[in-house]
Amino acid sequence: MTGDDAEELAVEQALALVGGRNQARGRADDQAGDRANDQARHRADDRTGDQAGDRTGGQKGSQTGSQAGDQMPHNQNPGEPADPHPAPYTTPSPAPALPWDRARAVAARAGRGGPLAVVRLPLDRALGHVLAEPLAALTDLPSFDTSAMDGWAVAGPGPWTYEEGVSLLAGVGESLAADRLPDGTAVRIATGARTPADTTAVIRSEHAHVDEARGLLSTRRPVVTGQDIRPRGQECRSGDELVPAGTVVTPAVLGLAAAAGYDALPAVPRPRVDVLVLGDELLAAGLPHDGLIRDALGPMLGPWLRALGAEVSGPRRLGDDAEALREALTSSDADLIVTTGGTASGPVDHVHPVLAALGAELLVDGVTVRPGHPMLLARLAPDGPHLVGLPGNPLAAVSGLLTLAEPLLAGLAGRPAQDAYRALVHADVSGHPHDTRLVPVVHRAGRAGGRDHVAPLRYNGPAMLRGIAGADGLAVVPAGGVRSGTEVEILDLPWAPATPWTEGCFT
């Protein structure tokens, strides 16, 4: 399978589960103003506890590997050699974390920071892209009056005479269809064939009676003028808007576009994403052993990001190496770089120091959400790219993915924001004293007249994927928790619309 084939297969799989670079970026002062106006109360003991939790039990923040001598100093300028005797690592003062909903809004606005690029893609390459412009019909649909059934085109009242052996077929016999059909006559016609001028109606074959001896056609049912004729322009007129800009190109949209006369579609290039997996303790294969654990995020993030509409490179494993991280960030030509682990303040957590050394602008530095508190969003340069730093623990990384990467990618790809909706939760759900919680849930259909609802799933710790693997959404649980029967906001997972509502196996 070629690379192009693999990419198209990935897009088709993403659509079955559901489905260029942004040329300019938003103003930094708008983002900074949002952060200043919406800073959440933040307690140092809570942050410390969350960061410690995100460094144990799963992919961490990171916990082994490079020593302090490998740390990128804050005062090193881009392009300068590393100081052979760097200052010991010191934990920076934590910035106030943003509330969860404000962090998502900042990410969405960052993605919409500039005009969208537009490319014209042939129909066979447009699947999964987003329309950059409204799709307007290039012709009337249908473009001429056509028969909706196999039968007889008739003119005037019956019975009708007909000529044996003469018939109108779709795409054949157009010269006959261009002729007028005199009153009192009939002609055989196939579904989709053009009806002759002055046709009164089409009589279905099963409703017609043919007297071959007399050469006459009659009908067993009354004839209504216009019956079983699809008139020109019934579906649309030339110039009518068929679907708006921002629509994801599905197989049905491709069919509609072809019917409306398109050979290529104006589309937004898919955002390009690089995935960098950090941590010396991660294995790419085999069973965990000797303090080493399997990398769960490398295999998960690529397909997940593709389901969000991105074009994703294969994950790069960098270990706990500040210089390797810096080189990867400065050499990337992606629209978005996603890192895993290293976002806290431990001795080998290099993301913050490297971003500082590169002069990156932190748009979000911590979010008051559990799991996933030490996530971040940065802009590496005024004209991009962006970086989303995910915590190392798997479910915490999923939280960061949906909090920051999903709304950012929607903006970069020209997709409309996901419509928020609420659902009843059937169980008490405990909450954090101060922060939002994201809890895996599964939808259930109401029984005996009851309302549809969601049920929270077990195995929802920061390092666990067992709960999210059985989920079709995440419930947004406010600080303090909710009681059974309360409505909560739901975040759909990318494949949720194609997942039948089920009881699940992890409740």
Side-chain angles (χ1 to χ4, degrees), residues 35 38-61 93-107 341 343-346 349 364-377 388-407 420 422-442 454-468 471 473-491 493 506-507:
R35 294 185 59 219
D38 294 287
Q39 289 174 351
R41 62 182 181 276
H42 173 75
R43 297 189 177 185
D45 54 343
D46 290 334
R47 182 181 179 96
T48 301
D50 194 40
Q51 291 172 347
D54 281 345
R55 293 198 300 273
T56 60
Q59 293 184 204
K60 43 65 176 169
S93 300
L98 288 181
W100 177 80
D101 55 351
R102 175 49 55 186
R104 275 178 60 85
V106 170
T343 57
S345 303
D349 290 340
V364 176
D365 188 10
V367 180
T368 57
V369 66
R370 309 300 171 110
H373 187 279
M375 65 183 74
L376 63 86
L377 170 63
V388 169
L390 303 178
N393 270 320
L395 189 57
V398 169
S399 174
L401 194 67
L402 295 181
T403 300
L404 298 178
E406 187 271 332
R422 304 178 71 83
L424 289 178
V425 60
H426 270 211
D428 293 350
V429 184
S430 61
H432 187 273
H434 314 294
D435 296 352
T436 300
R437 277 192 74 203
L438 299 182
V439 178
V441 295
V442 63
V454 297
L457 302 178
R458 296 169 56 195
Y459 308 110
N460 53 30
M464 298 180 178
L465 287 175
R466 190 174 174 184
I468 195 69
L474 288 173
V476 182
V477 179
V482 295
R483 302 296 299 272
S484 180
T486 303
E487 283 194 345
V488 293
E489 183 178 348
I490 302 296
L491 293 178
L493 301 183
F506 300 121
T507 57

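Each residue takes its place number in the sequence, starting with 1.
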_Does Leu491 form a side-chain contact (heavy atoms from CB on, under 4.5 Å) with Arg104? I'd like the steps, not just the answer._
CA-CA 12 Å; Leu491 293 178; Arg104 275 178 60 85; 4.0 Å; yes
Could you check if a side-chain atom of [X] sits within less than 4.5 angstrom of a side-chain atom of [Y], using non-hydrogen atoms only?
X: Leu438; Y: Asn460; answer: no
X: Pro394; Y: Met464; answer: no
X: Pro99; Y: Asp101; answer: yes

Testing the basics here: between [X] and [Y], what is the closest heavy-atom pair and its distance to 0.1 Å?
X: Ala97; Y: Thr368; result: CB-CG2, 3.8 Å
X: Val425; Y: Val429; result: CG2-CG2, 3.9 Å
X: Pro456; Y: Val439; result: CB-CG1, 4.1 Å
X: Val441; Y: Ala475; result: CG1-CB, 3.6 Å
X: Leu493; Y: Ala471; result: CD1-O, 3.6 Å
X: Val106; Y: Leu98; result: CG2-CD1, 4.2 Å

Check: [Y] main-chain N/O paired with [X] side-chain donor or acceptor under 3.5 Å:
X: Asp428; Y: Arg483; answer: no
X: Arg422; Y: Glu487; answer: yes
X: Ser484; Y: His426; answer: no

Could you tabulate the donor-acceptor pairs under 3.5 Å formed by side-chain atoms of residues 395-405, not counting sequence neighbours?
from: Ser399; atom 1: OG; to: Pro371; atom 2: O; distance (Å): 2.8
from: Thr403; atom 1: OG1; to: Trp100; atom 2: NE1; distance (Å): 3.0
from: Thr403; atom 1: OG1; to: Ser399; atom 2: O; distance (Å): 2.7

*Show the numbers, then the answer: is there a side-chain contact (heavy atoms from CB on, under 4.5 Å) between Val367 and Thr436?*
CA-CA 9 Å; Val367 180; Thr436 300; over 6 Å; no
*Hey, mind stepping through Val454 and Val442 against side-chain contact (heavy atoms from CB on, under 4.5 Å) and telling me if it holds?*
CA-CA 5 Å; Val454 297; Val442 63; over 6 Å; no
_List the residues meeting salt bridge (Lys or Arg N to Asp or Glu O under 4.0 Å) with Arg437, not counting sequence neighbours, and say none if there are none._
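Expected list: none.
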*List in chain and number order the residues that pass salt bridge (Lys or Arg N to Asp or Glu O under 4.0 Å) with Glu489, two or more places apart in sequence or in another chain; answer none if no residue qualifies.*
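So Glu489 forms no salt bridge (Lys or Arg N to Asp or Glu O under 4.0 Å) with any residue.
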*Step-by-step side-chain contact (heavy atoms from CB on, under 4.5 Å) determination, Leu377 to Val388*: CA-CA 5 Å; Leu377 170 63; Val388 169; 3.9 Å; yes
